[in-house]
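Chain naming here is simple, since letters A, B, ... match the order of the sequence lines and numbering starts at 1 in each.
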Amino acid sequence: DTEVTQTPKHLVMGMTNKKSLKCEQHMGHRAMYWYKQKAKKPPELMFVYSYEKLSINESVPSRFSPECPNSSLLNLHLHALQPEDSALYLCASSQRTGNTEAFFGQGTRLTVV
Amino acid sequence: GEDVEQSLFLSVREGDSSVINCTYTDSSSTYLYWYKQEPGAGLQLLTYIFSNMDMKQDQRLTVLLNKKDKHLSLRIADTQTGDSAIYFCAVYSSASKIIFGSGTRLSIRP
């Protein structure tokens, strides 16, 4: 099983809403990642968690708040987003950070209105 | 910082081989990946190669690595219409990040 599951698949939210994206894996991986992908662009790293601790924050605005409640789950809490935050949000996991296979989920397509 | 470059487009005839090229700058990258992305979908890990390898073959896919020139290629044999997608080269950088190239859009001509 090399599956990373993301929910929801699509999300439309207003600029005053609070919503959360969820990512789950059951491969025993201890590194999990959030990436943002705009149309026709490559994915860009947002956050890295290693052993449930935040290890990399790529200067992401505080309206994005990640959380790793356990080794299988990764959340991304969204609050007061802007229309330019509309994108495909991808979660990934790997056995550990540093040179291992990394598997991606299908993404959540977020539209901010 | 780390940079990964790919050409943006490739068009091949159905049944021919496709070769997608990638160059990177971080010589300490020991894991190099090829991902496939179909429209509206996530990233599918196609294959990967360790930097101590020159070549890896997996069914219709062949990855060649020239570590001296920091050049990676993906060859798809007998290209089919289902191979139409964007192909991303990616490297695991020394800063514990997966860095992606801009992606190569592969289109198949009948």
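- We find the OH-CD distance between B/Tyr33 and A/Glu101 to be 8.0 Å, quoted to the nearest 0.5 Å.
- When the shell of 6.0 Å around CZ of B/Arg13 is examined, it contains 12 or fewer heavy atoms from other residues, nucleotides or ligands.
- More than 12 heavy atoms of other residues, nucleotides or ligands sit less than 6.0 Å from atom CD of A/Glu24.
- With a 4.5 Å cut-off on non-hydrogen atoms, A/Glu58 touches chain B through its side chain but not through its backbone.
- If you chain together hydrophobic residues whose side chains sit under 4.5 Å apart, B/Leu8 and B/Ile99 never meet in one group.
- Between A/Leu45 and B/Phe100 the shortest side-chain heavy-atom distance does not fall below 4.5 Å.
- Listed here is the closest heavy atom pair of B/Tyr92 and A/Arg96: OH-O, 4.2 Å.
- Scanning both residues, A/Gln106 and B/Ala41, for their nearest heavy atoms gives OE1-CB, 3.6 Å.
- Hydrophobic clustering, with ILVMFWY side chains joined whenever heavy atoms are under 4.5 angstrom apart, keeps B/Val19 apart from B/Met55.
- For residues 68-90 of chain A, the interface with chain B (any heavy-atom pair closer than 4.5 Å) comprises A/Leu88, A/Leu90, sorted by residue number.
- Scanning residues 102-110 of chain B against chain A with a 4.5 Å heavy-atom cutoff picks out B/Ser102, B/Arg105, ordered by number.
- Between B/Phe88 and A/Pro43 the shortest side-chain heavy-atom distance falls below 4.5 Å.
- The two residues B/Leu45 and A/Phe103 have their closest heavy-atom pair at CD2-CE2, 3.7 Å.
- For a heavy-atom cut-off of 4.5 Å, chain B lies close to A/Tyr33, A/Tyr35, A/Gln37 in residues 32-39 of chain A.
- Cluster annotation: A/Met46 and B/Val4 are assigned to distinct hydrophobic clusters (Ile/Leu/Val/Met/Phe/Trp/Tyr, side-chain heavy-atom contacts under 4.5 Å, transitive).
- With a 4.5 Å cut-off on non-hydrogen atoms, B/Gln44 does not touch chain A at all.
- For residues 52-64 of chain B, every residue pair satisfying the side chain to side chain donor-acceptor pair (under 3.5 Å) rule, not counting sequence neighbours, is listed here: B/Arg60-B/Asp83.
- Heavy-atom neighbours of A/Met15 CE from other residues, nucleotides or ligands within 6.0 Å: at or below the threshold of 12.
- By the rule that hydrophobic residues join a cluster once side-chain heavy atoms approach within less than 4.5 Å of another member, B/Phe50 and B/Leu72 end up as members of one cluster.
- No continuous path of ILVMFWY side-chain contacts below 4.5 Å connects B/Leu64 to B/Val12, so the two sit in separate hydrophobic clusters.
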